[in-house]
Amino acid sequence: MKNAPSDLRVRKGCCVLRSHTCGELRLTHLGEKVSLCGWVDRVRDHKGVMFVDLRDRWGRTQVVIGPESSAATLAAVRLVRPEWVLLVEGLVGARPDGTTNPKLLTGAIEVGCRELTVLNEAQTPAFQPSATDLPGEEVRLKHRWLDLRRPAMQENLLLRSRIVKIMRDHCDELGFIDVETPVLGRSTPEGARDYLVPSRLDHGAFFALPQSPQLYKQLLMMAGFDRYVQVARCFRDEDLRADRQPEFTQLDLEMSFVEAADVMAVIEGLVKRTAREILGVDVPMPLAKLSWDDCMERFGHDAPDLRYGLEISDLTAIATASDFRVFRAAVEAGGRVRGILVPQAAAKFSRKDLDALTALAVDAGAKGLVWLKMEPSGEWSGPVAKNLTGPVGENIRAKLAAAPGDLALIVADTFDISSKALHTLRKRLGSVLQLYDPNAMHFSWVVDFPMFAHNAESGGWAAMHHPFTAPRAADLALLDSDPAACRAQAYDLVINGSEAGGGTIRIHDGRTQEKVFQLLGISPETAREQFGFLLDALRSGAPPHGGIALGIDRWVMLFAKLDSIRDVIAFPKTQKASDMMTGAPSPVAPKQLLELGVRTIVPPQP
RNA sequence: GGGGGUGUAGCUCAGUUGGUUAGAGCGCCAGCCUGUCACGUUGGAGGCCGCGGGUUCGAGUCCCGUCACCCUCGCCA
């Protein structure tokens with residue numbers, strides 16, 4: 001054994017220490033003198049002969065230390081432990097007959113060790129990256145450097161890198177200019193909660209981290225950049241989910257002199273290219289476009305999973321003719337009666353299962369769930385079937401196209417609540433009944449969003465997308481007469497029931513922008529104070545423009561067929577937005593707070 | 001903020017109705033082993049049962065509180 005060399009010898013290629021990676025050697029390298037660097041994955045000691053699996057991000061190679069190796073090397077390797085970092089020099093040899101390992105790409109060869117250099121020792125790791133049992137996520141996050149040594153995690157980040165490169169290449173080839181925008185910006189009350197950064201030079205004033213570069217990219221259009229793109233970090237101080245982190249990355253882009261179709265075409269090209277290069281799948285273009293109304297009506301949600309059916313049917317007209325009190329009450333209150341037919345599911349759901357589904361519907365706000373099973377006789381059965389005999393039952397059967405053995409789930413409530421309940425049920429049924437191939441990917445657009453939604457807090461209007469979204473040209477007059485009916489030039493990209501991107505054509509004239517602000521309850525004074533620069537810029541020769549932002553983390557998660565966004569982020573945060581590894585966020589020194597003119601209410605923890 | 005789940009050895013987990021000294025596999029330490037590749041084999045060390053309180057003759061187990069992590073509703077223009 002010798003110590004790590006201080007005089008780095010130049011070898012072939014650009015690598016000084018190593019000639020090859022641990023995933024590289026094949027039978028074609030037989031007899032070559034090579035040097036490998038990597039981590040000790042496993043050691044197998046057979047006294048006279050020892051095996052060390054050396055691992056790097058490229059793969060794993062078996063190193064043999066046998067009688068041919070020097071006594072010093074043999075003695076040295078006996079001390080080696082998993083996760084030590086080694087430099088191994090030796091000859092590539094073919095493995096003896098019957099000892100090749102087809103599970104490894106390098107399984108036909110092994111490196112006969114001539115010289116062994118310990119580049120670094122390692123304390124016993126908190127968990128073994130090579131282990132088959134995955135540690136709990138808490139442990140993985142705390143020792144993230146170990147977790148990231150696992151081949152699965154390395155593959156995830158490699159996939160992310162490839163996808164981002166495809167995105168950048170695609171935009172570059174289409175003439176997009178990559179422009180960076182500020183991270184320290186101005187807080188606006190719209191949208192999500194801001195992350196704030198206190199100003200040292202102006203006590204009492206705060207920067208906000210961007211929820212997205214929305215206004216900057218619009219101003220770049222007004223500046224004439226025509227096509228802008230950025231891989232942009234965004235920050236939203238809201239509660240986390242499996243697919244939501246407080247900081248996340250968007251492919252943010254904006255184009256001038258375009259209509260929605262132009263932006264969508266750019267993204268469709270990207271979808272096609274990514275699917276081809278990453279999955280080897282050809283996605284037919286153009287993608288299906290569903291109107292928002294259609295989505296809500298048929299799936300109860302604005303980002304439906306279209307890998308399976310279970311569409312919602314409207315039974316309101318049938319219910320109107322019914323004596324069933326539950327149905328009548330909903331209809332008379334202006335609500336709707338809607339249902340899902342689950343083919344050949346009657347026998348699969350026990351009373352207990354149906355109670356669980358009912359609980360789901362109730363959680364979604366519904367007062368209950370009507371379930372009906374169709375008997376072989378063609379009659380409905382179930383707790384309320386007796387209320388739905390005769391023509392009503394027959395009409396429901398006809399409308400749902402129900403057959404014996406089918407299960408019908410019906411919700412009578414407001415449109416919003418029935419949508420939510422049936423969407424929740426549809427999702428549950430889809431996964432429980434395995435109605436789709438989990439490896440399949442389905443891309444579609446949802447378009448024609450309403451401009452506004454009712455804001456429960458203020459009682460006024462809230463922007464469905466954001467306050468800069470342009471209404472459809474034909475709907476411009478509706479801003480005055482009927483804002484609720486006004487549709488936006490908005491488009492969401494939906495992948496497997498997940499919102500993977502969203503964009504709009506923007507308002508490019510000041511008068512319309514002011515009108516929309518006004519509808520949103522933003523006074524002219526507030527608008528001037530917070531968005532004065534935008535209003536001025538809109539009056540300074542703003543081109544028609546629009547764009548989109550894609551959630552890169554979600555894209556990678558979906559393309560990697562993973563359930564958690566954290567598995568495609570190198571250093572993610574926990575559900576309480578803390579970093580298990582660094583301990584962020586942490587208390588700071590009183591001096592730092594003093595400089596910032598900030599006083600905390602809760603005293604710092606010791 | 002609400003609902004649900006988990007927390008026992010470094011890691012993954014078992015632990016019965018509340019009852020003697022809390023177990024297993026992996027890892028770790030020390031032997032044996034010349035063709036293994038999740039090597040095998042013999043022995044050994046290793047525990048604040050998340051934390052605090054309570055009930056009890058007795059608590060890993062029951063009760064209350066609390067903390068952390070995960071899923072989820074609200075929230076996320």
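Here is how names work: the chains are called A, B, and so on, in the same order as the sequence lines, proteins then strands, and each is numbered from 1. No experiment lies behind these values; they were computed from the predicted model shown.
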Could you tell me whether the side chain of A/Ser431 reaches within less than 4.5 Å of the side chain of A/Tyr436, counting heavy atoms only?
->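 Yes, at least one pair of side-chain atoms sits under 4.5 Å.
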Compare all side-chain heavy atoms of A/Trp39 with those of A/Leu54 and state whether any distance is below 4.5 angstrom.
->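 No, every pair of side-chain atoms sits at 4.5 Å or beyond.
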Would you check if there is a donor-acceptor pair between the side chains of A/Thr574 and A/Arg566 at a distance under 3.5 Å?
->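 Looking only at side-chain atoms, A/Thr574 and A/Arg566 do not form any donor-acceptor pair under 3.5 Å.
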Consider only side-chain N and O atoms of A/Thr504 and A/Arg506, and report whether a donor and an acceptor are under 3.5 Å apart.
->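 A/Thr504 vs A/Arg506: donor-acceptor pair found between side chains.
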Can you tell me whether the side chain of [X] and the base of [N] have a donor-acceptor pair closer than 3.5 Å?
X	N	answer
A/Arg244	B/C75	yes
A/Glu110	B/G35	yes
A/Arg95	B/C37	yes

Can you tell which of [options] lies closest to the side chain of [X]?
X	options	value
A/His46	B/C39, B/C33, B/C75	B/C39
A/Arg81	B/C73, B/G35, B/A30	B/A30
A/Gln575	B/C70, B/A30, B/G35	B/C70
A/Arg42	B/C75, B/C32, B/A38	B/A38
A/Val49	B/C73, B/C37, B/G35	B/G35
A/Ala242	B/C70, B/C71, B/C37	B/C71
A/Arg60	B/U72, B/C37, B/C70	B/C37

Side chains of residues 235-247 of chain A: which donor-acceptor partners sit under 3.5 Å, not counting sequence neighbours?
{"residue": "A/Arg236", "atom": "NE", "partner": "A/Gln211", "partner atom": "O", "Å": "3.3"}
{"residue": "A/Arg236", "atom": "NH2", "partner": "A/Gln211", "partner atom": "O", "Å": "3.1"}
{"residue": "A/Glu238", "atom": "OE2", "partner": "A/Arg193", "partner atom": "N", "Å": "2.8"}
{"residue": "A/Arg244", "atom": "NE", "partner": "A/Asp239", "partner atom": "O", "Å": "3.4"}
{"residue": "A/Arg244", "atom": "NH2", "partner": "A/Asp239", "partner atom": "O", "Å": "2.6"}
{"residue": "A/Gln245", "atom": "OE1", "partner": "A/Lys573", "partner atom": "N", "Å": "2.8"}
{"residue": "A/Gln245", "atom": "NE2", "partner": "A/Lys573", "partner atom": "O", "Å": "2.8"}
{"residue": "A/Glu247", "atom": "OE1", "partner": "A/Arg233", "partner atom": "NH1", "Å": "2.8"}
{"residue": "A/Glu247", "atom": "OE2", "partner": "A/Lys573", "partner atom": "NZ", "Å": "2.9"}

Taking all atoms of both residues into account, what is the closest heavy-atom pair of A/Gln250 and A/Ser212, and its distance?
-> OE1-CB, 3.9 Å
Give a yes/no answer on whether the side chain of [X] brings an N or O atom under 4.0 Å of OP1 or OP2 in [N].
X	N	answer
A/Lys47	B/C39	no
A/Lys576	B/A68	yes
A/Lys420	B/C73	no
A/Arg44	B/C39	yes
A/Thr99	B/U36	no

Under a 3.5 Å cut-off for both contacts, is [N] paired Watson-Crick or G-U wobble with anything, and if yes, with which nucleotide?
N	answer
B/A24	B/U12
B/G19	B/C57
B/U66	B/G50
B/G40	B/C32

Is [X] touching bases, backbone alone, or none of the nucleic acid, heavy atoms closer than 4.0 Å?
X	result
A/Arg566	sugar-phosphate
A/Asp45	base
A/Ser212	base
A/Glu138	sugar-phosphate
A/Ser578	sugar-phosphate
A/Met50	nothing
A/Pro82	sugar-phosphate
A/Asn101	base

Are the ring centres of [X] and [Y] closer than 6.0 Å?
X	Y	result
A/His20	A/His29	yes
A/Phe468	A/Phe531	yes
A/Phe299	A/His301	no

Nearest-angstrom distance, [atom1] atom, [N] to [M]:
N	M	atom1	result
B/A59	B/G53	P	13 Å
B/A9	B/A45	C1'	11 Å
B/A14	B/G7	P	7 Å

How many Å lie between CD1 on A/Ile565 and P on B/C70, as a whole number?
->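 Taking atom P of B/C70 as the reference, CD1 of A/Ile565 is at 13 Å.
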Grab the CD-P distance between A/Glu238 and B/G1 for me, whole Å please.
-> 14 Å
Could you identify which residues of residues 120-136 of chain A place a heavy atom less than 4.0 Å from some atom of RNA chain B, listed by residue number, or say none?
-> A/Thr124, A/Ala126, A/Gln128, A/Thr132, A/Asp133, A/Leu134, A/Pro135, A/Gly136
Salt bridge between A/Arg140 and A/Asp567, side-chain N to carboxylate O under 4.0 Å?
->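 Between A/Asp567 and A/Arg140 there is a salt bridge, with a charged N closer than 4.0 Å to a carboxylate O.
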